[in-house]
Structures are given as structure tokens and as C-alpha cells.
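This report refers to the structure that appears directly beneath it.
Every chain is numbered from 1, with letters handed out A, B, ... down the list of sequences.
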There are 2 protein chains.
Amino acid sequence: MAKIAAAMNTVNADTENLAELCRGAEEILLRRELAERLAGGRKLRVKVGFDPTAPDLHLGHTVLIHKMRQFQAQGHQVIFLIGDFTGLIGDPSGKNVTRKPMTPAQISENAATYRQQIFKILDAEQTRVDFNSRWMSEMGSAGLVSLAARYTVARMLERDDFKKRHAGGEPIAVHEFLYPLVQGYDSVALKADVELGGTDQKFNLLMGRELQKQYGQVQQVVMTMPLLEGLDGVRKMSKSLGNHIGIDEPPAEMFGKIMSISDRMMWRYFQLLSFQSGREIARLKERVGQGMNPRDAKLALAGEIVARFHSAADAADARRGFIEQFSRGGMPADMPAVELPVGAGGLPIANLLKQANLVVSTSEALRMIKQGAVRVDGERISDRGLVVEAGSGHVYQVGKRRFARVVLCGGGG
Amino acid sequence: MAKIAAAMNTVNADTENLAELCRGAEEILLRRELAERLAGGRKLRVKVGFDPTAPDLHLGHTVLIHKMRQFQAQGHQVIFLIGDFTGLIGDPSGKNVTRKPMTPAQISENAATYRQQIFKILDAEQTRVDFNSRWMSEMGSAGLVSLAARYTVARMLERDDFKKRHAGGEPIAVHEFLYPLVQGYDSVALKADVELGGTDQKFNLLMGRELQKQYGQVQQVVMTMPLLEGLDGVRKMSKSLGNHIGIDEPPAEMFGKIMSISDRMMWRYFQLLSFQSGREIARLKERVGQGMNPRDAKLALAGEIVARFHSAADAADARRGFIEQFSRGGMPADMPAVELPVGAGGLPIANLLKQANLVVSTSEALRMIKQGAVRVDGERISDRGLVVEAGSGHVYQVGKRRFARVVLCGGGG
């Protein structure tokens, strides 16, 4: 009986481990293989490739690193692979002036920055940072020709972006066909058991499986992670869209930005970013369903993330500051959080106030602005023609009592 | 007056030099550029690439070497480039078992064989033999990626054979896109002024022009030479088709094979293979037009070629032997030479004799065979069901007086 119970416990633990590793993943090829390898009890080699260009990480980037952490927590070997081989080449077509060849010194500097940033999430002792120039430079031109022989042009043209560009008459330079092969070969060189990447990397991750097969290796499990939405809750987080939370942002700013996301997005951030276990998050969600104020869950999330990239003390300060700011402005900390869709042209302030139920009509809105009764983040506004664009959220106030935290969601893209 | 006459002579000499270099060429890009460079008086670098696989040259291969000789005769630098870089790689897709990677020792052995063979046509002192592994190995994998960035997939797919294979769903391995780039880069490395190749090489020769332009060099003139037809007068000369004349064949055999080509093909062989000038050949043709026996022109051609690959004495012996053989058999040395078309299934002997006007009907043919009155190359035949396949020519004889030298021409392919 005791033996059976112990075996049952192992099975349960295995199931839970697998569930935790699969948490938030977009797609896993093949989940069954992953389960088998985990059951094998061997330390798996988990490969994740990163660009060698200057890292300026935001929370979106940390989704993958967070997933690496989950593997690491279960005793597996994670490999943070910097794709410096392509960085050393730059954009040889010369069309992209911003992609000049990088020097080894620049790459090593960027690697140091990466280390400083990723070890806020990963265990430095248990992380292998590697560079693919190690094997790619050694491969030589003849070796690269041999590698290129292992895949066909037709299959390469099946990759979504290549297919579209080819069909649309947009040029694809021949060397672009070599990069997926290089990335795939990295899995061979590392004998990867698992490779993680964004959903946009699926073709390249599968290339790793293909090449490993050709080189007589066991094929890696491929896991794609979704691209995290930014503050607008719709488009993927990106610095150029201005909807990002940089991991080097000051504590108060980071805290405020996280508090500005909608209650719905909050759960996605928990899923993809929180160090809490899936089980703990499920429990929290249950409590919110039973009446707990979602604001308190969001405060916990903001506190966890600020503590991660700064310190527990910074997180506590930021939390206090955030709450005080609202008290000072006489703002209720539990005001409604509203997401509004918005087109490329933005949303006029009067329409915004109406759609957020802060006024009953746009004419009331215009009148209130004229009376000086409308504030955005505590600042009185007077411009009735103000147009608000998609991006991070703000607190809108009409008169003394009416408040809403409003996030404008751009129409995708 | 004397000055003008001298200038006119120079112009005439230039024109004649250009005409000799262009003789027999299928296409020249650009002829005007070639004329300008020749007029510039500089020693031109003339590049011709050859396969590193074991050379077993036949007359078809020597068309290019003969053209090199014409450049050499006018004082230019010819470069016999052995494409050993690709040979060292072999067929990395592993689909072609006969294309295993070659060792440097094998390549050097083949180069020695090449030297021994080509210097029967070229001046050894004035010929540079080079190997593209010299720069291609040094280029490294990063260099090869940069090279691959200089051409697009779409333009690569415009190459005839790639286009057909892609449209027909036949696989093209990615490395096949690298080989034209390598060949083109060879022209950059050598700063070639002119590149010669077979008509099937046109795309690759143009790649040389393209890359030279990108590397800021003056673009090479491209000259394609036709593929020499074999003994059947229709299909290109090829060992696998059995219609070839190997340059290592014994003198008598070589002589006899050349004598077996049709009178029409004889002029093409003169054009593409004879060391006689274009003017001399034109004069000879004129004389045949005025009644000279074409057999005598053919004897001269056979003598010239046997002397080239063996010796003048061998040529004289072969000529004597050839004439005696015919005299012994009571065969007239000036019998008609007939070309007959033939399908894949070959031609029954009775039809052959009728079509060659040796009999008036197939029934006469069958009767004559039964009577033992039909000979092929002097041997009596008895098999009335004999089917003759496309290939080299034979002498057919019916009775004592009727003779014809018949060449069966396969239907292309």
C-alpha cells in the first residue's frame, strides 16, 4: 500500500511538473515526448536563442526567460545562446544600415548586459551562456555548404514570411535561407533536448528538429511561447509601440504601469511572468471570483515584479507611493479599470469620457472641460480638442467623485 | 600615306583578331566590350572553370580549350581554373553516391592529368592553372553568408534548370544556390576580363559579371561556346551516349571516327577544333564548293587532330591504315556519307539499306542478306532481324559495287 501511494505521489508530482512547464505555452511539439523525457529523470538541455544586438529588455522578453527559470527550477540545464555569428556578419546586403557587423568587443559587452539582466530571473550558477560563433566560425565555408545541402528551397519558401515576400515579389536574399539553418544547427551543436522560442520562431525551432534527425540525434521538443501584449492589452509589447514596461525602468514607473493594465490582462501577466505556481495563481483567481478586489491581486503582481528587477524595499516604496498618490488626489484606489478600443487616429477626449461612463454625453464632457472640472492623472485639462492615442492607461476624473482608469487599445497591428 | 596605311593595317589586324576570337562562339556579352579591351592592347585575363572530377576528355571538351588557345595565341593570359572547392565538398545531400568528397591528393592527381591533356592544345608556359579552394576556403562561413547576401532567391529561380525543377516540384537543395555564387566569385578573385564556358553555363558566367559589378570591378566579357555534336551529328558529344571521340583513343580509332562524321559536321569540327585560321578554313570550303573531294578535307582534319593528341607520324600511319583498309575491302574511299534519323528503338537493317539507297526495297534487302551479299564494315552479316542503333557510323556494302557510310542520328535528347 505504501509503495503504491509513493508511486502515485511521483505520478502526481510528474504531472504537476509537466503542467508547470507547459503553463502559458502556445504550442508544444511534442508534449508526449516532453513528458517521457521528464519521466526519464535526466537533466534536460534547454536551449533558447537570443539576438546579440544591444539588449534593452522589457517584460515581453522575459516571458521566455521566465519559462527557462521554470525548467531550471526543476533541475534542468538552461542554455542562454547568444546568436553572435549572425551579429558578426551584420546585414551583408547593406540594405539595413542599422545592422552593421558587430565587433567581438561589442558582443562581449552586450553579453555582460544580458547577464546583468537575466540573472534577476535565472540562477546564474545554473545557467550556461554560450555563443554560436564557437561552432559556426569553425565550420568554415565548406561546412556551411554541406549544411545548406540538408534543406530544400521549396521547404524554405514554405516559411510564412518567405512565402509572403516571394509571392509579393519582394526580394529575399539567398543568405536569409542560411540563417534558419544556422539556428537549427545550433541545436545539433548543443544536443538540445528542448528549444523555447516565440511563436514567430516556430519554423526555425522545427529546423532544429529536422537537422538533429539528419545528424542522427534525438529530436528536440519545441515549445513556443506567446508574445506578451503591451499596456494597451492588444498589441504585442514593443518599445516602438510605446506600450512596454522596460525592466530597467524606475520602481515607481514600473509599478504604476503594471497597475494600469486591465483586470483581464492582469491574469495573463500572472500566467506568463509570475514566479507563483500555477496552482497558487488559480487559487488567487478563485478568490477574486469570490469577491476579493482585483486591485489587491494587481498590487501583489506589481510588487512581485518590481521586487524582482529592483528590490523588496523598492517594491514596498513604490506600492506606498502609488496608493498615496491616489489618496492625495482624493482618488479611490479601487476605481474601475476600463479598456476602450481606438482607431489609428486616437479618441477625442469627449468621446473617451462618455465611453468610460464618466459623463452622459459628449456635450456634458465639453462643458465640464470648459468649467475646469476634468483631470487626467490629477492634472486639470483645458483643451477640448484633445485626442488621446492608444497606449498606456491614465486616470480620468470628472468633478469630485467620478473616476476611471482608462486604457485605450489600438486596433491590433 | 604610309602612316595611314599602317593604321589601316592595325585596324585590319584588330578586326581579324576579334573575328578569330569570336569564331564559333554561340553568344558574346558584350562583343563591343571585347573589341574595346582588345584595342586597349592590355593582356587580358581569360578564365575558364573546369570540374575537378577525374578528367577523361573527349573532343567536345576541347572546344573550350581550343578557344583558350586562340586567346593565348594573341598574347592573353589564360587561367585554367579547377573548381576544387566544390569537389572537396562532394554532394553533401548524399543523394549522389558517385559524388563523394574528393581528397586533396585526388584533386592534385586529377590536376596532373588535366595538365598532361590540355598542354597538347595550350602552351604550358603561358597557362596558369589555379584552384578556387585557395580563396573559397579562406573565405570562411561568415564570408560565404556575406556572398550569399548579394543575390536574391527570385533571381536564382530564374535559372532555367532551377525554374523547371521548382515548377515541377523537384527538390532543389539550398546549397545548389551557393554554387553559382561561388563560380561568380571566382571571377572576382581572379579579376577576370573574359570568361568562357559552354552554353549551359551562361547563368553562372553572368553571375561573374554581376558580382564583379558589386565588388566594384570592371565586368568580364562572357563568351559561350556551343556544345559539340557527337558522331551521330545530332546529340552533344558524350561518353554516356557512346558518340564521343576520346582524346586518349589510339590513333587509328580516332582517325576512323573522324572520317565517319558526315561532310556537313566536318565543317563544324573544323570551325570549333582546327588550329587553322578561320580564313584558311573558308578557303578550303570554297575549294570543296568548286569540286574538291570533301573526303580530302576530312582526311586533313583527321590528320590534324590525330597529330595533336599523338604525333605527326601517328597521324600519317593512321591515314595510311585507313586508306589501305578501304582498298583491301575493295571499298571506294569516296563513298557517299549518309545521315539517317532514327528513333529510340533503332532502325532495322533492311530499312537502313533502303533509306541509304543501297537497295530499292526492303524485300531486296532481305534477299541480299539471305544471299550473304551484305557487309557491315567488311563483315558479312546473316541476321535479317538486325536492328542498328544510333551512334557512330559504319560502312554498309551490298554486293560488289554498292557502298555507303551511314551515320544513324538519334532523335535528340
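- No option in A/L181, A/L144, A/V145 other than A/V145 meets the side chain to side chain contact (heavy atoms under 4.5 Å, CB included) test with B/H175.
- By the 4.5 Å heavy-atom criterion applied to side chains, A/M156 and B/V153 are not counted as neighbours.
- Using cut-offs of 30° and 60° on the angle between ring planes, the pair B/H166 and A/H166 is perpendicular.
- Other residues, nucleotides and ligands contribute at most 12 non-hydrogen atoms within 6.0 Å of the CD atom of A/E109.
- Annotation: side chain of B/L178 is in contact with side chain of A/V174 (closest heavy-atom distance under 4.5 Å).
- Residues B/A173 and A/A149 come closest through the heavy atom pair CB-O, 3.8 Å.
- In this structure, B/R165 CZ and A/T152 OG1 are separated by 10.5 Å, a value rounded to the nearest 0.5 Å.
- No part of B/L88 comes within reach of chain A, as not one of its non-hydrogen atoms sits under 4.5 angstrom from that chain.
- Panel note: side chain A/S141, backbone B/M136; a donor-acceptor pair is recorded below 3.5 Å.
- Atom CD of A/E138 has 12 or fewer neighbouring heavy atoms from other residues, nucleotides or ligands inside a 6.0 Å radius.
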